[in-house]
Amino acid sequence: MIRDQETLNGLLGTIARFVRERLIPNEDIVAETDEIPADIVADMKSMGLFGLTIPERFGGLELTMEEEALVVFELCRASPAFRSLIGTTVGIGSQGILFDGTPEQQQKYLPRLATGELAASFALTEPEAGSDAASLRTTAIREGDHYVVNGTKRFITNAPQAGIFTLMARTDPADKGAQGVSAFIVDADSPGIGFGKRDRKMGQKGAHTCDVIFDNVRVPAGNLIGKEGQGFKTAMKVLEKGRIHIAAVCVGVAERMLDMALGYAMERRQFGQPIAGFQLVQAMLADSKAEIYAARCMVLDAARRRDDGLPVSTEASCAKMFASEMCGRVADRAVQIFGGAGYMSEYGIERFYRDVRLFRIYEGTTQIQQTVIARNMVRAMGGR
Ligand SMILES: Cc1cc2nc3c(=O)[nH]c(=O)nc-3n(C[C@H](O)[C@H](O)[C@H](O)COP(=O)(O)OP(=O)(O)OC[C@H]3O[C@@H](n4cnc5c(N)ncnc54)[C@H](O)[C@@H]3O)c2cc1C
């Protein structure tokens with residue numbers, strides 16, 4: 001937790017300057033090369049960005065959820081691939097260790113994650129288990145003081161760069177549901193781990209995904225996170241926090257797109273005046289502004305509730321659903337305001353349009369968020 005407002009403002013100002021001076025000027029290079037330049041990664045490490053959520057005693061900044069959201073708002077005013085590199089490690093890749101790991105596991109991994117020396121990925125999805133993640137088939141069968149892991153994980157963000165995986169696998173093959181799933185820390189250089197080809201994606205160049213194949217991979221029993229059969233709960237805790245994080249990402253990117261659209265609308269002249277003077281264009285700008293404001297308020301409210309120790313399953317899903325759908329609408333309006341130029345790569349807005357499509361899909365699709373929200377409402381009324 002940052003102790004005073006001045007220090008927090010200092011951090012946010014430093015990130016805003018980094019985004020302006022280093023990330024935005026490199027967006028085209030990342031899009032062209034599909035790589036984040038090494039000097040930018042080094043800068044991110046030296047700024048402590050890989051330790052945002054990690055406790056101070058392990059070398060991190062130990063931000064509260066609200067502080068994390070404020071940082072993400074700033075950071076995501078640049079191409080989302082930059083955030084992906086950090087966000088997966090400080091978020092879904094490592095939080096399981098923080099929430100449910102043993103003191104030994106935390107001591108072994110968290111300091112190296114905080115410096116960025118190690119990158120972490122989250123391996124839940126499989127070819128046959130996406131939204132229905134509890135039906136996953138990868139097995140981890142105990143043999144003496146090891147578990148032997150077999151199976152394939154799909155679309156795993158940062159897998160090619162990861163030093164460790166938070167892996168969800170079935171330790172009880174007789175139980176086909178959530179109760180049979182356990183969570184593990186798996187070192188990426190363990191013998192038997194193979195990687196598929198990098199996925200060719202619609203957007204978010206510079207953020208890589210691929211299949212991860214486990215072929216008789218021996219994982220020490222000491223790498224089990226929590227207890228056997230509790231891995232799905234760990235994964236859901238990780239994803240609940242991740243949903244607030246992704247909602248914050250959507251707000252940051254949407255603010256950037258709206259800035260671009262407003263700037264263009266002020267410059268572009270038609271019928272003898274800037275198009276920003278036309279009420280129909282103003283309506284698009286105003287709708288985007290209002291929706292971003294709503295999403296920002298939702299993110300901060302959900303974050304504060306979480307910081308206060310309140311349950312946030314519904315709020316996290318509401319924020320993720322609304323913010324990701326909002327981001328899609330803001331992207332669409334931004335392309336519209338740019339007109340034909342919006343369709344051309346050199347203006348950059350079509351890249352954001354493609355990049356943000358992902359937010360409605362990963363870490364729980366919009367339909368899964370709707371399911372969670374409605375299920376919580378029904379349960380609160382005594383239903384199932
Ligand atoms: C770029 C990218 C990065 C990713 N990174 C990771 C990662 O790091 N780690 C990881 O584990 N996973 C990752 N994923 C996987 C992602 O979380 C899944 O793609 C997502 O959860 C959806 O699963 P699916 O693709 O199998 O779609 P499906 O589950 O097959 O869904 C297809 C459609 O059916 C709908 N649907 C499914 N079930 C229901 C239902 N019960 N009610 C209503 N509608 C339903 C969905 O909403 C969707 O519209 C990533 C995916 C992408 C594209």
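Each ligand, and each atom within it, is numbered from 1 in the order the structure gives.
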Problem set entry | Full working for side-chain hydrogen bond (donor to acceptor under 3.5 Å, both in side chains) between S313 and N376 | CA-CA 8 Å; S313 169; N376 289 347; 2.9 Å; yes
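Contacts of L358 with ligand 1, taken as heavy-atom pairs under 4.0 Å, involve the side chain alone.
Proximity of atom 32 (C) of ligand 1 to the protein is not indicated, since no non-hydrogen protein atom lies closer than 4.0 angstrom. There is no protein heavy atom less than 4.0 angstrom from atom 35 (C) of ligand 1.
The closest protein non-hydrogen atom to atom 39 (C) of ligand 1 is I368 CD1, 4.1 Å. Scanning all protein heavy atoms for the shortest distance to atom 21 (O) of ligand 1 gives I361 O, 4.0 Å. Annotation: atom 25 (O) of ligand 1 to nearest protein heavy atom, F155 CE1, 4.0 Å. The closest protein non-hydrogen atom to atom 9 (N) of ligand 1 is F122 O, 2.7 Å. The shortest contact between atom 24 (P) of ligand 1 and any protein heavy atom is with G130 CA, 3.9 Å.
Of all heavy-atom pairs spanning A78 and V19, the tightest one is CB-CG1, 4.0 Å. Of all non-hydrogen atoms in Q369 and S317, the two that sit nearest each other are OE1-OG, 2.9 Å. Between S288 and L258, the closest heavy-atom pair is CB-CD1, 3.8 Å. Annotation for V90 and T53: closest pair O-OG1, 2.8 Å, computed over non-hydrogen atoms. The nearest pair of heavy atoms linking G144 to R142 is O-NE, 2.7 Å. Across all non-hydrogen atoms, the minimal contact from A265 to I337 is CB-CG2, 4.0 Å.
Checked for salt-bridge contact, R77 and D259 meet the test: a charged N lies under 4.0 Å from a carboxylate O.
Remark: F195 CZ is packed, more than 12 non-hydrogen atoms of other residues, nucleotides or ligands lying under 6.0 Å away.
Taking a cut-off of under 4.0 Å to the non-hydrogen atoms of E363, the atoms of ligand 1 that pass are 17 (O). Close approach to T209 involves these atoms of ligand 1, each under 4.0 Å from a residue heavy atom: 1 (C), 3 (C). Using a 4.0 Å cut-off to heavy atoms of L124, the atoms of ligand 1 that qualify are 11 (O).
The six-membered or imidazole ring of F165 lies away from that of F122, with a centre-to-centre distance of 6.0 Å or more.
Proximity annotation for atom 15 (C) of ligand 1: of T125, D132, T365, I92, T125 comes nearest, heavy atoms only. When the heavy-atom distances from atom 45 (C) of ligand 1 to Q370, Q367, M168 are ranked, the shortest goes to Q367.
Considering both main-chain and side-chain atoms, S131 comes within under 3.5 Å of ligand 1 through a nitrogen or oxygen pair. Residue-to-ligand polar distances place T157 within reach of ligand 1: an N/O pair is separated by less than 3.5 Å. Taking distance alone, with nitrogen or oxygen atoms compared against 3.5 Å, A129 stays at or beyond that limit from ligand 1. Polar contact with ligand 1: absent for I156 (N/O pair, distance under 3.5 Å).
Side-chain contact annotation: Y109 with D187, donor-acceptor N/O pair under 3.5 Å present.
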